[in-house]
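Each remark here refers to the structure printed beneath this line.
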Number of protein chains: 2
Amino acid sequence: MRPISEEDLTARARIRDVAMALFAEQGVKATTIRGIAEAAGVSPGLVQHHFGTKEQLRQACDAHVLSYLREQVSAGVTGNELEKPEFVENVHRTAPPLMKYLGRALVDGSPEAAAMFDELVRVTEESLARGDHSEADHRARATVLTAMKLGITVLHEHVSRALGTDLYAPQGALRVGKAQLDLMRPEFLGRELFERARSGLEKYEGRQ
Amino acid sequence: MRPISEEDLTARARIRDVAMALFAEQGVKATTIRGIAEAAGVSPGLVQHHFGTKEQLRQACDAHVLSYLREQVSAGVTGNELEKPEFVENVHRTAPPLMKYLGRALVDGSPEAAAMFDELVRVTEESLARGDHSEADHRARATVLTAMKLGITVLHEHVSRALGTDLYAPQGALRVGKAQLDLMRPEFLGRELFERARSGLEKYEGRQ
DNA sequence: CAACATCCAATACATGCGTATAGGATGCTG
DNA sequence: CAGCATCCTATACGCATGTATTGGATGTTG
């Protein structure tokens, strides 16, 4: 698995990645085709050649995060890749730009991002209902839970500033992860999953 | 206290309110002066006459939410207005657009909104440190707490959709409020404040 | 080698935008 | 009533942007 540098990527992929970064930073409307082209080191015409219109480029970005996230989640959950350090390492290197884009897409009103939000609420609700058969408002709890979780992503810039550390750097992610576990009632992750997460974080802490 | 309808407001205030709503919905860059003018029922020139440039209009919106929020918070906390139903009623009628704007301003990169985030982190951290003199990472907990809380505001559209109810309608706010209390460890609000919040919500529930 | 598809750059064009400017209507003040 | 400030509209201008078009360079295929 060779390290992927920017120059190795095809122009098309480079344009897409740059577009995702700029969309995430400035929003779709404030990002220009010319700006993307310049940042990617190509001509504006090439952007158009590969993606047609700006809207289609945005959809390509949406599709890319969606497929990436589904892929990694299924690899991490169904396949037991989570234990492998190389998997974790790889995720930590490639995920941040995608997460930032997802956060912006949620606010900018992308249908794909909205669908992903709904899906997260659904699986969270199922998980909650499995552990607690009372008449509690699982839908509301699941919604609040995913909104809070994603809220940290959406507000990553402010979180990083308040922390004095980049949220997507190891120390930042660690502090935020532990704080989340501290603040949350353990029941809602399932005691077992909760402990697994805590021990995972502490093992990670030991490595640093 | 007469009910304030749109027509009672001066043109300047009407423009500001419309601008806040459009900025919140679409973002600053995607909102046009002409769009604001049309929605406010005035000419584009008038927007310019009252606020100069689009950037100055944005700053005026920032200043307005800031002063409003500080005013209401101080009235609710230091003054004991929180018990009065008319105060609560008034807040519930006027606050939603301002909260939506604040949420968007945090993502769009307004310095004022960032300052408010930092201030919230600071007071939250002080509150946490007051109740717990251990060596816990109060800064991280405070940051995560405010990011989560504001995250619900920023993602209000998705929260409302997942709930099937407007977050800023009474039932929606109630469900979300209760879910937040359910998910959070009580220690972090302070036991006393926690119970006060819960009883307040339930009293409110009884009214509906 | 010829024909062609693909990748890429350069130019041109129409549109929508922020803003500057000029002028009209209204109400207040001396 | 005269002068003036304020509120408001209409028009115009310069600029940036999305996109269409044209043409060249490169590799691929028959």
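A note on names: the letters A, B, ... follow the listed sequences, proteins ahead of strands, and every chain is numbered from 1.
- One atom, NZ of Lys29(A), and another, P of dG16(C), lie 11 Å apart when rounded to the nearest Å.
- With DNA chain C read from its 5' end, the first of the two nearest nucleotides for His49(A) and Ala30(B) is the one closest to His49(A).
- Arg34(B) contributes no side-chain N or O that forms a donor-acceptor pair with the base of dG16(C) under 3.5 Å.
- Distance check, rounded to the nearest 0.5 Å: CG of Leu155(A) to OG1 of Thr146(B) gives 8.0 Å.
- Sequence order on DNA chain D of the closest nucleotides to Thr32(A) and Gly45(A) puts Thr32(A) first from the 5' end.
- In this structure, the CD1 atom of Ile33(A) is 17 Å from the P atom of dA10(C), given to the nearest Å.
- Salt-bridge check for Glu89(B) with Arg93(B): failed, with every basic side-chain N at 4.0 Å or more from each acidic carboxylate O.
- For DNA chain D, the span of nucleotides reached by chain A at under 4.0 Å from its heavy atoms goes, 5' to 3', from dT17(D) to dT21(D).
- Note on residues 80-129 of chain A: pairs passing ring-ring contact (aromatic ring centres under 6.0 Å, His included), not counting sequence neighbours, are His92(A)-Tyr204(A), Phe117(A)-His158(B).
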For residues 31-47 of chain B, run the donor-acceptor check on the side chains, cut-off 3.5 Å, and write out each pair with its distance to 0.1 Å, sequence neighbours left out.
unit_1	atom_1	unit_2	atom_2	d
Thr31(B)	OG1	Leu22(B)	O	3.2
Thr31(B)	OG1	Gln26(B)	OE1	3.2
Thr31(B)	OG1	Gly27(B)	O	2.7
Thr32(B)	OG1	Gly35(B)	N	2.8
Ser43(B)	OG	Leu46(B)	N	3.4

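- Side chain of Arg104(A) to main chain of Val107(B): a donor-acceptor pair is present (N/O by atom type, distance under 3.5 Å, no hydrogens or angles).
- Computed from coordinates, the Phe51(B) CZ to dG18(C) C1' distance equals 16 Å when rounded to whole Å.
- Atom CD of Glu55(B) sits in a crowded spot, with more than 12 heavy atoms from other residues, nucleotides or ligands closer than 6.0 Å.
- In this structure, Glu38(A) atom CD and dA9(C) atom C1' are separated by 15 Å, rounded to whole Å.
- Toward the 5′ end of DNA chain C lies the nearest nucleotide of His50(A), the other residue of the pair His50(A) and Val28(B) mapping further downstream.
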